[in-house]
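Before any comments, here is the structure.
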Amino acid sequence: HLYLGAPQQLEENLLISQIGDFLGKNDLSVDSYDFKRVYRYFRERGEVISPSFDLFTADYLLSPSSAGGSLAEIAGRYLDWLPPEYTGKESEEEVEKISMMASSRVAAIMEMKDSMEERLKVEELLDLYLEIERPMAKILAEMELEGIGIDIEGFEETARAFRKELRKIEEKIFSIAGTNFNINSPAQLSEILFEKRGLKPLRKTKKGFSTAEDVLQKLSKFDPLPEHVLDYRHYQKLNSTYVEPLPKMADNDRGRLHTSFNIAGTATGRLSSSEPNLQNIPVRSKEGGLIRKSFIPSPNSVFLSADYSQIDLRVLAHLSGDEGLRESFIKGEDIHRATAARVFDLDEKEVTDEMRKRAKAVNFGIVYGISGWGLSKNIDMTPKESEAFIKKYFERYPGIKDYMDKTLDGVKEKGYVKTILGRTRHFPEIKSKNYVRRGLAERAAINTPVQGSSADIIKKATVELAA
DNA sequence: GGCTCAGTCACTCG
DNA sequence: TCACGAGTGACTGAGCC
């Protein structure tokens, strides 16, 4: 506490080391609102603590769609009173006042613990909590603290190259357009494309005409400008999202990046990552590769990448029990090629690249809770053709169709779906009279057991790997 | 006039 | 009119001082 006349206070590191000693000697573990944060706090000061109850993680399993809230928000779901929220200005407040606040928050955690653990048990989430999610919190804390090394020089070099490229493309665009404008503004770009150059808008947004990637690609057949804009956007995106900000976010002492892994960041059981998001570092383009290259292992170390192949489709094969899909995986076939062969009634050798591409799109679509309209948007087909394509797919993979129907029946009856390890997600919108909302819920309900079970498996492997 | 904030659009990843 | 799940940056308009 920093206010004028604040009483003498204990030295922080001494206090933490004494608490650490006390917990260690008595073999005690800690109840907390957010164990990952508390663990990180102690770990930074040289103490290792163990979790007893992690309210944040427990709440996530009980209500994954609304989780991630503050202590008071969570308490709103379990208590008939609300603990106070910290504001970040606690050090300016009187010691007595803050100690009352802290006590009140501790009381809230203690009061929620028993009822939440009981609910985890009743809803058959306790094993998932004890064996997967709670251990994950500690692992993630360690990963966040460890961070990842980056080559700051490498980033700066890439930034120089990208800025130069951007200036070149910008010049081309302005010369073709005959005027300078803000390429990053969809409104200004629309004016140039659809008024000045008379191109035909293909789609509307809420505010005007769409200039999205697929639109610009189609327009590039009629005009040279859209392709340059796409080129510009590619470099601009990589530069402004990754190349320029990432080196600035490295810690001062070691030059490493420390993300936050958000335990309750998704409704399906996956993790999310933020500040910076290290789960969407570019990989698909050549320029993206330059960015990946600037992530570097520690001296005398290497990066080891261990990844499940086609985990979502593989999980779908398991959940549905579909013979054809299972067989393809058991035989270790190229899964998209195998799908193409089945759907187009061909030998695998006869499958063309275009057929494989379409089959791949259908496989993705299936996992996302396919619709003819959605598929047609992704591959060059009319919604009608897509419908026929999907129908054919279901004829060839009847187990998948069966599984999807049963999943929908189940969610309509019970209001929720479950993953392999019992992770649950509720879908109140499944009863909506609005068919857009209902459709969204239906597709998400089909996707969640697949995406969520994949998350279960990856987390289980992570816990076992860290043990 | 300058600032913050939220919504929109676009694009990155699995 | 929507593919499933995320997060971030730039722009823009609204509200505030």
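Predicted model only: the values in this text are computed from it and were never measured. Labels below follow one simple rule: chain letters A, B, ... track the order of the sequence lines, proteins then strands, and each chain is numbered from 1.
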Sugar-phosphate only, base, or nothing, as touched by Val436(A) at under 4.0 Å among non-hydrogen atoms: sugar-phosphate

Separation of dT8(C) P from Asn239(A) CG (nearest whole Å): 18 Å

Short side-chain N/O contact from Ser210(A) to OP1 or OP2 of dC9(B), under 4.0 Å: no

Touch class at under 4.0 angstrom, heavy-atom based, for Ala455(A) against every strand present: nothing

Touch class at under 4.0 angstrom, heavy-atom based, for Thr448(A) against every strand present: nothing

N or O in side chain of Lys237(A) less than 4.0 angstrom from dT12(B) OP1/OP2: no

Side chain to side chain donor-acceptor pair (under 3.5 Å) evaluation trace for Asp59(A) with Tyr78(A): CA-CA 10 Å; Asp59(A) 180 57; Tyr78(A) 298 91; 3.3 Å; yes

Nearest-Å distance once atom C1' is located in both dA3(C) and dG7(B): 23 Å

Rounded interatomic separation in angstrom, taking CD1 from Ile263(A) and P from dA6(C): 16 Å

Phosphate OP1/OP2 of dT12(B): any His234(A) side-chain N/O under 4.0 Å: yes

5' priority, DNA chain C, between Arg203(A) and Lys207(A) [closest heavy atom]: Arg203(A)

Arg284(A) side-chain N/O to dT12(B) phosphate OP1/OP2 under 4.0 Å: no

Sugar-phosphate, base or nothing in reach of Ile370(A), heavy atoms under 4.0 Å: base

Side-chain N or O of Ser371(A) closer than 4.0 Å to phosphate OP1/OP2 of dC2(C): no

Sugar-phosphate only, base, or nothing, as touched by Tyr435(A) at under 4.0 Å among non-hydrogen atoms: sugar-phosphate

Touch class at under 4.0 angstrom, heavy-atom based, for Gly265(A) against every strand present: sugar-phosphate

dA3(C) OP1/OP2 closer than 4.0 Å to side-chain N/O of Lys377(A): yes

Under-4.0 Å side-chain N/O to phosphate OP1/OP2 contact, Arg443(A) with dC4(C): yes

dC11(B) phosphate, OP1 or OP2, under 4.0 Å from Arg233(A) side-chain N/O: yes

Value in whole Å for how far the P atom of dA3(C) lies from CZ of Phe364(A): 16 Å

Pair partner, dT1(C) [Watson-Crick or wobble, under 3.5 Å]: none

For atom CZ of Arg437(A) and atom C1' of dA3(C), their distance in whole Å: 18 Å

Within 45° cone of Tyr86(A) ring axis and under 6.0 Å: Arg105(A) NZ or CZ: yes

Residue pair Gly422(A) / Thr424(A): nearest heavy atoms and the distance that separates them: O-OG1, 3.1 Å

Interatomic distance where NZ belongs to Lys204(A) and C1' belongs to dT8(B) [whole Å]: 17 Å

Within 45° cone of Tyr39(A) ring axis and under 6.0 Å: Lys138(A) NZ or CZ: no

Between dC4(C) (C1') and Leu313(A) (CG): distance, integer Å: 13 Å

Sugar-phosphate, base or nothing in reach of Ala361(A), heavy atoms under 4.0 Å: base

Evaluation steps, ring pair (Phe, Tyr, Trp, His ring centres under 6.0 Å), between Phe389(A) and Tyr393(A): CA-CA 6 Å; Phe389(A) 199 33; Tyr393(A) 178 95; 8.3 Å; no

Touch class at under 4.0 angstrom, heavy-atom based, for Val283(A) against every strand present: sugar-phosphate

Sugar-phosphate only, base, or nothing, as touched by Asp312(A) at under 4.0 Å among non-hydrogen atoms: nothing

Distance-minimising heavy-atom pair for Leu246(A) and Phe295(A): CD1-CZ, 4.1 Å

Interatomic distance, Arg438(A) CZ vs dA3(C) C1' [rounded to whole Å]: 17 Å

Sugar-phosphate only, base, or nothing, as touched by Arg425(A) at under 4.0 Å among non-hydrogen atoms: sugar-phosphate

Sugar-phosphate, base or nothing in reach of Asn280(A), heavy atoms under 4.0 Å: base

Asn184(A) CG to dT8(C) C1', straight-line distance once rounded to whole Å: 14 Å

Mate of dA14(C) where both pairing distances stay under 3.5 Å, Watson-Crick or G-U: dT4(B)

Pair Phe35(A)-Phe53(A), ring pair (Phe, Tyr, Trp, His ring centres under 6.0 Å): steps then yes or no: CA-CA 8 Å; Phe35(A) 183 75; Phe53(A) 179 61; over 10 Å; no

Below 4.0 Å: OP1/OP2 of dA10(B) and any side-chain N or O of Thr211(A): yes

N/O donor-acceptor pair, side chain Glu213(A) with base dC11(B), under 3.5 angstrom: no

Side-chain N or O of Asn262(A) closer than 4.0 Å to phosphate OP1/OP2 of dG7(C): yes

